[in-house]
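Taking it in order: structure first as C-alpha cells, then the write-up.
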Protein chains: 4
Amino acid sequence: MVVAGVNGELRGKQQRGVEAQRALLEAAGAVFARLSYAEARLQDIADEAGISTGSLFFHLGNKTDIAHTVLATQQERMGLVLTEVLERGASTLDKIIGVFDGLAELVASDPLVQGGIRLSLQPATELDVEASTPYQEWVAVAARLVADGQKDGSVRDDIDVALAAELLNELFVGAQVLAGLEDSWQSLPLRVQRGHRLIRGLLAPQRAASSETHS
Amino acid sequence: MVVAGVNGELRGKQQRGVEAQRALLEAAGAVFARLSYAEARLQDIADEAGISTGSLFFHLGNKTDIAHTVLATQQERMGLVLTEVLERGASTLDKIIGVFDGLAELVASDPLVQGGIRLSLQPATELDVEASTPYQEWVAVAARLVADGQKDGSVRDDIDVALAAELLNELFVGAQVLAGLEDSWQSLPLRVQRGHRLIRGLLAPQRAASSETHS
Amino acid sequence: MVVAGVNGELRGKQQRGVEAQRALLEAAGAVFARLSYAEARLQDIADEAGISTGSLFFHLGNKTDIAHTVLATQQERMGLVLTEVLERGASTLDKIIGVFDGLAELVASDPLVQGGIRLSLQPATELDVEASTPYQEWVAVAARLVADGQKDGSVRDDIDVALAAELLNELFVGAQVLAGLEDSWQSLPLRVQRGHRLIRGLLAPQRAASSETHS
Amino acid sequence: MVVAGVNGELRGKQQRGVEAQRALLEAAGAVFARLSYAEARLQDIADEAGISTGSLFFHLGNKTDIAHTVLATQQERMGLVLTEVLERGASTLDKIIGVFDGLAELVASDPLVQGGIRLSLQPATELDVEASTPYQEWVAVAARLVADGQKDGSVRDDIDVALAAELLNELFVGAQVLAGLEDSWQSLPLRVQRGHRLIRGLLAPQRAASSETHS
DNA sequence: CATGAATGAGGTTTCATTCAT
DNA sequence: GATGAATGAAACCTCATTCAT
C-alpha cells in the first residue's frame, strides 16, 4: 500500500531524526558532566557522539539550546522517578526516603542527568534565570511530602515543615556535590543510604527516639 | 643604620607589592564569585581592580596562577576562622556549631572566599586535582571535633564519628551551594542557624532527645 | 504514431520540469531582490519555493548557476519589452520614452527582474565578468534609437549620440537604484514619468525649446 | 617636566591608536569598495592593513561597527567637499556644478568613500536602516541649492524645485553606479563633466536656450 | 613598574553541497 | 524525482598572553 509506504518512510525518517537527537543529547549530557559549560566545546560533544559539529547544530541548535535541552530532560527524568516512587504503596516517610534513593540511583547511572546537575550548579551567565529554580521546586515537593506524612502519621507532628524541607534539600544537594567531586556520583547511592538514619531521626515520630542514627 | 634604611625601603616596596597583590586578589575573587572559571576574563578582573591587564600579569601571573592563589587564600582564611573558634572556651559541641557559624559569616561577607568556593565546586580541567581535596580536609576536621566531643561528653557516645562528619560536611556544602545560587551567600548564616537544631539533635547526648529540632 | 506518443510524454515531463524550474527561478529572483548574493541562502530560496534544498540543486544546480540563470532570464524579459515597444507605430522619440516606461513597469512588477537588477549591481566576485556588460548593451540600444530618431526627425540633429545615450542610461540606472532603496521599485514608474520632460528637453527638436521640463 | 612627559606619552599612545584606527578604516573602505559587505572577510581587511584580525577587532569592533564607521566617515568627507565648494564665491548654478565635480573627484580618488558608496547601495540586512537615508539628505541639499539659485537668478524661475533635485540626484547616482562597475570610479569625473551641459540646460535661464547640451 | 596595543590560536556558528533513502 | 540528514570548510569573534614604550 502506498499510504503505508509513505507513512513508513516518514516514520522511518522521523524515527532516525529522533534517535539521533536522543543520542546527541546523551553525549552532550556526558560532556557537561565532566566539563563546565564554558569549557565544554561543541567539538567534544560531536566527538563523543561520533558526528560532525554541523550535524550537532542541525539537530540541537545553539550551545545554549543544547544546555537548556539537557536541563529540561534531566528535570523530566527526575520527575519520572518521583512519580514512580509516589505510586508505590508505602508510608509517606518511606516514600520520602524512596525518592532520595531513587534519585541517587538515577544520578549515579545516567550521565545526562549528571550533566544537568553540573549545569544547574554553575553560574553560567548565558543560561542563568531558570537554572536555579528547579531547586525551589524540589523544596516544594519535599514540603508537600512532609506535610502528607504528618497527615498519615508517618512523620512527627511537631515539626516545621518548611524548615525540614529545606534541610532535606540541603542534605541531598550536598551529597550530590560531594559525590560528584569525589567519584563522578558513583558513591551517591551509598551516601544517601548513610543519611537514612539522620532523616528518620529528623522526621520519624518520637517513640524510640532517633537512636537509629547512631551506631 | 643604613642597612635598616635600605631594608625598610625594600620592605616598603615589598609591602606595596603585597598590598597591590592583595587588592588584585580580592578583585579576582569577586569575579570568580559571579563567573565560572572559563567565563571569567582577565579583563574583567583587571577592570574590577582598576588596573591594566599587563599589571595583572606582573602581580599575579597566569590565569591558573590567579585561581590557585585565590583558592589558597580562601583556605587560609577559613583556617583562620577555625583556629579562632577553637581557641574559645566552650564545649566541643558548641565549638562545632561555632565553626559553622563562623564560616558562614566569613563566606557571606568575603567575596574572595566566595570566589574560592565557586572555583572549588567546578570541574575545571585546568585546575582540578587539588580542587576537591579541601573538602576531605574539612571532613577530617569535623571527625576530629566529633571525637573530641565524645571525650569531653558534649557529644553522645553511640555515634559513628566518620559518618557524622560526612553528614555535617554534606549539610554545610549543600547550604553553601544553595545560598550561592539563591542570593550570593547572603542567606548562608541564616541557613546555618536553621540547621543548629538538627545538628544538636544528631550530636547532643540523649537527655532531652532531639526535640529541639522541631517547632 | 508511437514515436509521437513517446515524444509527447517526454515533452510532458520536460514541460513539468520546465514549469518547476520556472517557479523556482521566480523564488530565487525574489530572494535575490531583497538579499545580497552572499547573504541569500539556498535555504531561503527553497523555503520561498516550498521545496527541499535537494530538489533545488536538482533543478537549478549551483548557487552561481542559479544567479546566472536569474540574470539571463532578466535580460530576456527586458529584451521582450524592448522588441514589443519597438513594434508599435510611433515616432522614435515616443518609442524611446515608451521603452523607459515599459521597463519601469516590468521592474516594478516582476520580482525576478528585481533580483536580476540587484545581482547585476553587486560586485560579487563569484559572478562578475558579464555582470556589467548588460549595461553596455543598453547604452548601445539607446544610441541606436537616438540615431534612428535623428533620421525620422523626432530627435534634434545637433546632438552627440553617444553622449545622449550615456546620459539616458545614467538617468535610468539612477532611478532604478533609488527606487530599489526607497520602496522596492514600486515608485520606479512614477520616477521615470517625472523624467519624461527632461528627456524630451534633451532630445526633442528646438521648436518650443525645452520649456516642457519646467513647471 | 613630568607633566609634559606624561602628556606627551598619553598623546603619543592616543596618537598611535588614532592613526592605526584611521589606517584600518582606509583599508576597510578599500575592501568594501571591491567586495560586497557579506563577501568581504575581516581577514581581507586585516591583510590589506597588514595587521591581525585581533587588532582589527580591538580598534574597530564588529564587522557591522566597521561598516557603520566607514559609512559615517564617507558622509563626513562628502560633507566637507560640500561646505568647501559652497564657500567659493560663484553663482549658485556654478556651485551646483562645482559640488558635482568636487564629489566626483573625491569619489574617484578616495577608496574609503568608494567603500561607503558600495555599502550604501547594498541591501545588507545587517546594516540597513540608515543606509538609504543619506540619499534623501542629498536630495534635500540639491533642493536647497536650486531654490537659492532661483533667488540669485542663476537658475530659471519656472522650474519644479523638488523635481529638479530628484533628477539631479538620479543622474549623479546613475553615474556613480556605472562608473563603479566600469572602472572603479576612475571615469566618474569625466562622466560628470559630460553631464554639465544637460544640467545647465535643465537649470539655466532661457536666454540662449539649452543649446550647450548639444554638439 | 605600568600601560595597552598586538597577536594568534581556538571556539561557535553558518551554509553550500552531497547522498542514502 | 524528492527529501532532509550529514558534512566540513570557512567565517566571525574572543581572549590569554606578550612586549615595546
Side-chain angles (χ1 to χ4, degrees), chain A residues 5-6 8-10 12-14 16-17 19-21 24 38-46 49-59 61-66 126, chain B residues 13 16-17 20 38-46 50-59 61-66 126, chain C residues 13 16-17 20 38-46 51-59 61-66 126, chain D residues 5-6 8-10 12-14 16-17 19-21 24 38-46 50-59 61-66 126:
Chain A
V6 169
E9 233 178 87
L10 276 177
K13 284 202 174 180
Q14 270 180 209
R16 258 208 328 166
E19 275 168 28
Q21 203 166 309
L24 284 174
E39 275 179 330
R41 298 172 309 148
L42 295 189
Q43 193 63 249
D44 293 333
I45 299 177
I51 56 146
S52 66
T53 60
S55 289
L56 182 58
F57 190 83
F58 179 82
H59 283 292
N62 257 352
K63 190 177 184 182
T64 51
D65 288 347
I66 297 175
E126 257 182 293
Chain B
K13 282 198 175 181
R16 265 206 327 181
E39 276 179 329
R41 296 172 306 151
L42 295 190
Q43 194 63 248
D44 293 334
I45 298 177
I51 58 150
S52 63
T53 60
S55 291
L56 184 60
F57 265 79
F58 179 82
H59 285 292
N62 255 352
K63 189 177 184 182
T64 50
D65 288 346
I66 297 175
E126 258 180 296
Chain C
K13 282 197 176 181
R16 266 207 325 181
E39 277 179 329
R41 295 172 306 150
L42 295 190
Q43 194 64 248
D44 293 334
I45 298 177
I51 58 151
S52 64
T53 59
S55 290
L56 184 59
F57 264 79
F58 179 82
H59 285 292
N62 253 353
K63 189 176 184 182
T64 50
D65 289 345
I66 297 176
E126 258 182 294
Chain D
V6 170
E9 231 178 87
L10 276 176
K13 284 202 174 179
Q14 271 180 210
R16 256 207 330 164
E19 274 168 28
Q21 202 166 308
L24 284 174
E39 275 179 331
R41 298 171 308 147
L42 295 188
Q43 194 63 250
D44 294 333
I45 298 177
I51 55 145
S52 65
T53 61
S55 289
L56 183 59
F57 190 83
F58 179 82
H59 283 292
N62 257 352
K63 189 176 184 183
T64 51
D65 289 345
I66 297 175
E126 258 182 293

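If you're wondering where the values come from, they're calculated on a predicted model, not measured in any experiment. The sequence lines fix the lettering, A, B, ..., with proteins before strands; numbering per chain opens at 1.
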Once you round it to whole Å, what is the distance between [atom2] of [N] and [atom1] of [X]?
{"X": "C/D44", "N": "E/dT14", "atom1": "CG", "atom2": "C1'", "value": "12 Å"}
{"X": "B/I51", "N": "E/dT3", "atom1": "CD1", "atom2": "P", "value": "7 Å"}
{"X": "C/L56", "N": "F/dG1", "atom1": "CG", "atom2": "C1'", "value": "14 Å"}
{"X": "D/L24", "N": "E/dA5", "atom1": "CG", "atom2": "P", "value": "12 Å"}

CD1 of A/I51 to CZ of A/F58: how many Å apart, nearest 0.5 Å? 11.0 Å

Pairwise distance CG(A/L56) to CD1(A/I45) - rounded to 0.5 angstrom: 6.0 Å

Protein proximity profile, nucleotides 10-16 of chain F - base contact B, sugar-phosphate-only contact S, no contact -, cut-off 4.0 Å on heavy atoms: -SSSBSS

Only counting residues at least two apart or in another chain, list the ones meeting side-chain hydrogen bond (donor to acceptor under 3.5 Å, both in side chains) with D/S55. D/S52

Can you name the residues that form a side chain to side chain contact (heavy atoms under 4.5 Å, CB included) with D/A38, not counting sequence neighbours? C/S36, C/A38, C/E39, D/S36

For C/T64, check side chain to side chain contact (heavy atoms under 4.5 Å, CB included) against everything at least two apart and list the hits. C/Y37, C/N62, C/H68, C/E126, C/L127

Out of E/dT7, E/dA5, F/dA2, whichever nucleotide has its closest atom nearest the side chain of D/H59: E/dA5

B/A40 and B/K63: which non-hydrogen atoms are nearest, and at how many Å? O-NZ, 2.9 Å

Which dot-bracket notation, 5' to 3', represents the base pairing of DNA chain F when pairs are defined as Watson-Crick or G-U with both distances under 3.5 Å, crossing pairs as [ ], and inter-strand pairs as |? .||||||||||||||||||||

Close side-chain approach of D/L42 to D/F57, heavy-atom, < 4.5 Å: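 No, their side chains stay 4.5 Å or more apart.
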
